[in-house]
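Worksheet for the structure shown next.
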Amino acid sequence: MMELCIKRFLITLVVYNLILFQSNAIELKGMFGEIRSPNFPEGYPRDSNISWNISVPDGFRVKLYFSHFDLEPSYLCEYDYVKIEADGQVLGTFCGQESTDTEQIPGQQMYFSPAHDMTVTFISDFSNEERFTGFDAHFAAVDVDECKEKNDEELACDHYCHNYIGGFYCSCRFGYILHTDNRTCRVECSDNLFTERSGIISSPDFPNPYPKSSDCLYRIELEEGFVINLMFEDSFDIEDHPEVMCPYDYVKIKAGRKEFGPICGDRSPRRIETGSYSVQILFHSDNSGENGGWRLSYDAVGTPCPVPQPPVNGKIEPSLKQYSFKDQVLITCDTGYNMIKDNLEIEKFQIVCQKDGSWSSVMPTCRIVDCQTPPILEHGYVEFNTRNNLSTYQSQIEYFCQQAFYQIVPNITSIYTCQENKRWMNKNLGAKLPTCLPVCGIPAFSRTKLARIAGGKFAERGMSPWIAMLSRSGSPFCGGSLIGDNWIVTAAHCLHNSLEEDRANLLSSDIVDSSSFKIILGKHRTRQQDNTEQSLQAKNIILHPQYNFSTYSFDIALLELNNHAILNNYVKPVCLPDEETTSTVLHEGDMVIVSGWGKQFLQKLPDSLAEIEIPVVDHSKCKESYAKLQRSVTDDMICAGEKEGGKDSCQGDSGGPMVTINKQTKRWFLAATVSWGVGCAQNEKYGVYSNVQKSLSWIKTVTGIYNV
Ligand code: 4AZ
């Protein structure tokens, strides 16, 4: 567009070559032209004073050349002369016909105006006697190469200069934009946002000179609660002025209501504490100057919070000398202490330093773990090893069983310590409690004399504390033995109604009703009440699976009591035999004790418990003697009694205990239960008993009882 305008202007000048007479000044506008002295080539008139104001379009200069020059010579051209002026300067004053030491003629030289206009003045004095012919000169517009000719201080273009005939234009390096002054190159830098807590900001192109004509805006926007500090590097160079405060280029900082600057010059402002979480840095540059610019690093510090005091028996992490906004602190309690916050128990707790310099929450407290009252051990008790019966962390307790009647199992340390998980723990058993198992086979009262059952003697109270009376309608019908504290071993035939001999199987309907009989422990007298007795009932009747009601093999049964017996000096269980050990395997002649309330001499029931001591009879001898009577003595049976008779169990004694002492453990064990015989106390008609050892694994499986 600009080019177009200039062209149109040139055409106008060439065509019209307008000559204006204004007093003695002639205006000449155009691309070229000719000027002559008046009357040329005749002698010029006297008293001439003519000026030609030559002007060519912008971007051009005037070139003037004299093709003829003939003026009156005079010392220092005092009379007649031609003067060339441009931009208020005299480019030359000429006279004469040839150059001398003191005067000059234009000769062949070209004269150029610095700008686009030139004035030529012709003066003649009062005479031209010799009829000098004057001059003939030509002017033309010549292009100015602005790209080359502008001096260093005033460069035509900031970056790249492109000359064309009649003008020039500028362009910028990549990343720069030509300013509206069409000369300087600015940058677009008004939208720089920093949201990190630290960073580096510099003037564009740092450390190279910053762009001209630019307005840069750098914003640091952090969360409320932080304050931003700026640190300008020492290398700082912004164009300044000796008298006026930063008139050209400057940095201004706005931080909330505070303002810093304008800042310029070569002295770094160094550290600026803005006191704000939102900072704007404005950097303005004008269209000139070459200065190195600036660079700063910034950081942000949060509002400080007071150093938190850890709870008693607790700690905080991290433990620092100072805390500020956004810092987090984890609070934990020492081992054995629980954290309490708002009356609630929590694992751990975190607090955060807030923008106002306070912590997000008050400290929780650490309360010592309390394992509470230890669990109750059945048939046992607990003792606190610490004073005041403390149940808190690290307190110790010890379990014991009721002495004489129960024994602790396993018999290792039963010390429990209160752990951080609020549980009482034993180093071997963990949280599991030991058990108090009934002590078996140790009567409180030892035997002095023996009574007889059939032809026997009366027992003394408490000598067979394991014996149970099975009683129906106030009359004893069978005996039994307490094992553990809730199982009775008795004879299977005591628990079913009489059956026809030829029936193959026992039906469940044949089993007696458990509510139809009583199981009395601590019993001594046959018909009268004893103050030591405990009357119980069976909740379960279990006959040996191999029980044969025709042969009486495996004539053994288990009764589960509806309640646990209370063990005391009159109620104590008997031991079971050991498996396959010599100490509890009976041999011929081994003495055993059989007790019961069964019939005695003349079919009479005894007044109180009777017992006999009899020898074990060789199995084959017994078998032989019964073979004569067509009765079979199977392997699960054991016989006892004296050859000549006299001492025997009898009707009513069935299910009752045959015991003997384990020589190793010195404890009484249940060797057999009273089963059958032919008659009572007759010679060679030994009493037949069900051998407990043969049913031992079944008993243990059903009851879970084992000797302790
Ligand atoms: C019975 O009828 C019985 N002499 C028990 C034992 C003996 C005989 C009979 C052994 O219960």
Side-chain angles (χ1 to χ4, degrees), residues 450-457 464 467-472 475-481 488-499 501 512 517 526 543-544 547-557 559 586 592-606 609-619 621-634 636-659 670-692:
L450 290 176
R452 284 173 190 223
I453 306 179
K457 288 190 177 156
S464 284
I467 195 161
M469 177 192 276
L470 306 193
S471 162
R472 188 182 286 118
S475 303
F477 64 94
C478 270
S481 308
I488 302 290
V489 186
T490 184
H493 81 256
C494 295
L495 301 167
H496 63 85
N497 303 311
S498 38
L499 300 155
E501 290 290 301
V512 296
F517 67 99
T526 313
L543 270 50
H544 194 285
Y547 168 58
N548 184 320
F549 65 83
S550 340
T551 61
Y552 272 21
S553 60
F554 292 100
D555 182 18
I556 189 161
L559 300 175
L586 297 183
V592 292
I593 292 173
V594 179
S595 345
W597 290 274
K599 282 183 180 165
Q600 294 201 315
F601 190 58
L602 295 175
Q603 303 283 305
K604 203 174 152 257
L605 287 186
L609 182 66
E611 60 181 26
I612 47 165
E613 188 174 28
I614 46 172
V616 170
V617 174
D618 177 65
H619 198 265
K621 261 191 211 161
C622 180
K623 223 170 163 169
E624 254 171 54
S625 67
Y626 275 111
K628 294 173 206 159
L629 302 166
Q630 273 102 50
R631 299 290 296 265
S632 64
V633 177
T634 53
D636 60 289
M637 299 173 189
I638 190 165
C639 303
E642 277 157 6
K643 196 170 184 263
E644 64 277 13
K647 282 190 212 168
D648 197 6
S649 52
C650 198
Q651 208 181 348
D653 290 320
S654 279
M658 171 206 274
V659 295
L670 184 68
T673 49
V674 179
S675 181
W676 60 275
V678 172
C680 301
Q682 294 178 28
N683 68 328
E684 280 195 62
K685 289 183 186 134
Y686 305 106
V688 186
Y689 300 80
S690 181
N691 189 345
V692 170

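Ligands are counted one by one from 1 in listed order, and the atoms in each one are counted from 1 as well.
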Worksheet item: Mind checking what makes salt bridge (Lys or Arg N to Asp or Glu O under 4.0 Å) contact with Glu624, not counting sequence neighbours?
Response: none
Worksheet item: Would Asp648 count as a contact of ligand 1 if the rule is a heavy atom under 4.0 Å away?
Response: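 Heavy atoms of Asp648 do come under 4.0 Å of ligand 1.
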Contact check: [X] vs ligand 1, nitrogen or oxygen atoms, below 3.5 angstrom:
X: His493; result: no
X: Ser649; result: yes
X: Gly679; result: yes

Worksheet item: If we only count heavy atoms from C-beta on, is the Leu559 to Leu495 side-chain gap below 4.5 Å?
Response: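 They are in side-chain contact.
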Fill in: Ligand-side contact atoms (ligand 1) for residue partner Gly652, heavy atom cut-off under 4.0 Å
11 (O)
Worksheet item: Which ligand 1 atoms does Ser654 reach within 4.0 Å, using its non-hydrogen atoms?
Response: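 Answer, ordered by atom number: 1 (C), 5 (C), 11 (O).
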Fill in: Ser595 side chain to Met658 backbone, donor-acceptor under 3.5 Å
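No, Ser595 side chain to Met658 backbone: no donor-acceptor pair under 3.5 Å.
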Practice prompt. Considering heavy atoms of the protein only, find what lies nearest to atom 1 (C) of ligand 1 and give residue, atom and distance to 0.1 Å.
Written response: Gln651 CA, 3.3 Å
Worksheet item: Knowing that exactly one of Tyr686, Tyr626, Tyr689 qualifies, which makes a ring-ring contact (aromatic ring centres under 6.0 Å, His included) with Trp676?
Response: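 Of Tyr686, Tyr626, Tyr689, ring-ring contact (aromatic ring centres under 6.0 Å, His included) with Trp676 is met by Tyr626 alone.
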Worksheet item: How are the rings of His493 and Tyr552 set relative to one another: parallel (under 30°), tilted (30 to 60°) or perpendicular (over 60°)?
Response: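 Because their plane-to-plane angle is under 30°, the rings of His493 and Tyr552 count as parallel.
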Worksheet item: Is the Phe517 ring parallel, tilted or perpendicular to the Phe477 ring (thresholds 30°, 60°)?
Response: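 Perpendicular, since the angle between the ring planes exceeds 60°.
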Discussion item. Measuring from atom 5 (C) of ligand 1, which candidate in Gly596, Gly655, Cys650 has the nearest non-hydrogen atom?
Written reply: Cys650
